[in-house]
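In what follows, a single structure is set out as structure tokens and then discussed.
Everything numeric here is computed off the predicted structure, so don't read it as measured data. Residue numbers begin at 1 in each chain, while the letters A, B, ... track the order of the sequences.
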Amino acid sequence: MLRLFDTLTKKKQKLLTREDGKVSIYVCGPTVYDYSHLGHARVYVVFDTVVRYLRSTGREVRYVRNFTDVDDKIIARAQERGMDPMALAREFIEAFAEDMDRLNVSRADVEPLVSEHVPEIVEVIERIQEAGLAYESDGTVFFSVRGHEAYGKLSGRNLDDLRSGARVEVDSSKRDPLDFALWKAAKPGEPCWPSPWGEGRPGWHIECSAMSTKYLGVDFDIHGGGMDLIFPHHENEIAQSEAAFGTAFARYWMHNGFVNLNAEKMSKSTGNFFTLRELFAKVEPEAIRLFLLSVQYRHPINFTVEDHGEEGARFPDLEEAQVRTDYFYETLCKLEELLAPMKPPGEGDVLPELLAARQSFSEAMDDDFNTAAALAPTGELFRLANRLMEEPTFAPKKLRRRTLWRLRHELTAVGDVLGLWQEPAADYLSRRLEVAARCRGVDPAWVEERIAARAAARAARDFSTADAIRQELAERGVELMDSAQTTRWRFA
RNA sequence: GGCGGCAUAGCCAAGUGGUAAGGCAGAGGUCUGCAAAACCUCCAUUCAUCGGUUCGAAUCCGAUUGCCGCCUCCA
């Protein structure tokens, strides 16, 4: 039975969806004014994994994730760069898609843009006005927070505490400092659309109410996003949507924890961040995905950066995930090579360790998508594969064969859920080698030539020459791995 | 000031009442001409501290200490 932690009730709840076997999910997407960083990646990797897991259990999922392409920050950035805000947004939507592709984040089923949903947004605002919870002032429309009784239920706040803590400069046209804009009157040179209140553009929160309900209905199943969106963004979404539609909005709320850098919140406003592109230059994107999945999604995740002078920044946590990713692919590659010439085995039992690990994986995922816990049985599947390959006497021949065949199948299934090992293992490994060779200025052809020379020496039982070649290669960081048939190599 | 979270081995980390998963590092071993890889074994009588509840607590309650987040754009 799948259970998930619901921010609204602050408890793990059984997932009881609106329609049996179907899940509708909306996740707040990025505001596209700059490149994404690791914190953004976490949200989309987490919810991608949620969707992947739900689908793997046979549920039909409809996943909507928007792009905020109309926003103060986009306008400000475009003005700095002297370009059109909509063009700037398009540029970063593309960059976002590229970054997510590299992290194996699948596209959402619907990826709506604010700029293409202004009429729907206007309609929702009109409904709120009809409900008496919105007021206009000089072409700007505000939501009247105090008119909505349940305001604060998601974030556990009460209005008076908020008021005393408000540090924001009060907009004099608001009736109450807590009120927020549904529609903003246009300033010269800004993107704008016609509306009953004159030319203007949507406020930030209203877009999600309009687009989620358009594609999923009002009482859709799961609404997700980063922790920081709980207040005020999601609180405001609830207030608006309930005011506009008169019914409860979204059944479950899921929020992921932050990514910290050297134990401090990673944030663009403080400059304390690395873009994904900077990180991709240092480690495989898949290692980053593994790193993000190695901590329960609601807990904060910390990564450290070390300054290595000329070598530049290094990220020990990501490098550890990189080593693990290499181990996964090396095992998969060996498994593939072993099974490729084999005929599929017949029906029959497999080792119970395999079934137990597979079961543990599902139980961990069923418990609030606990990928960190699920990685333990995943590691057991790899260890079992290696053991069966290296230690043929570990199991009787037929059992061994069936288990290895089944392991390949299960690892594919598990990888599809986690969004890992999506690349052919041999491709991954050869690319890793090429990249490393280029970084170190070593010519792979030369390495191959030396390996051939060593093989000849070994065949002649001239071990001192063989060892000299090993030493020669080692001085350039090349590590040799002999097996019965061939010699593989890599960088230490 | 208000609200909330976290504290588990050298490091990362799972674990919300039944006697501490997993990874990295480390030690020993198997295999190997040597080595690497892989595999095997070992590595927290104990979960920030102090009290309490319970037959039983890392898990529940109270207090203390330390760290972090939100209350303003933020993933």
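Nucleotide C47(B) is matched to nothing when pairs are restricted to Watson-Crick or G-U wobble geometry with both distances under 3.5 angstrom. The partner of G1(B) is C71(B), judged by Watson-Crick or G-U wobble contacts that both fall below 3.5 Å.
Between R324(A) and G22(B) there is no side-chain polar atom (N or O) within less than 4.0 angstrom of OP1 or OP2. Residue H299(A) places no side-chain N or O under 4.0 Å from the OP1 or OP2 atom of C68(B). Under 4.0 angstrom from either OP1 or OP2 of G4(B) there lies no side-chain N or O belonging to K10(A). Contact check, Y327(A) against C39(B): a side-chain N or O comes under 4.0 Å of OP1 or OP2. Contact between the side-chain N/O atoms of N386(A) and the OP1/OP2 oxygens of C39(B) is found at a separation under 4.0 Å.
Comparing the P positions of U59(B) and G51(B) gives a spacing of 14 Å, expressed to the nearest Å. U49(B) and U65(B) are spaced 7 Å apart, taking the C1' atom of each and rounding to whole Å. Comparing the same atom, P, in G66(B) and in A57(B) gives a spacing of 28 Å after rounding to whole Å. For A25(B) and C12(B), the C1' atoms lie 11 Å apart once the distance is rounded to whole Å.
Counting non-hydrogen atoms of other residues, nucleotides and ligands closer than 6.0 Å to CD of E80(A) gives a total above 12. In the displayed structure, K187(A) atom NZ is contacted under 6.0 Å by at most 12 heavy atoms of other residues, nucleotides or ligands.
A tilted orientation is assigned to the rings of Y327(A) and F382(A), their planes being inclined by 30° to 60°.
For E380(A) and C39(B), the CD to C1' distance is 14 Å, given to the nearest whole Å.
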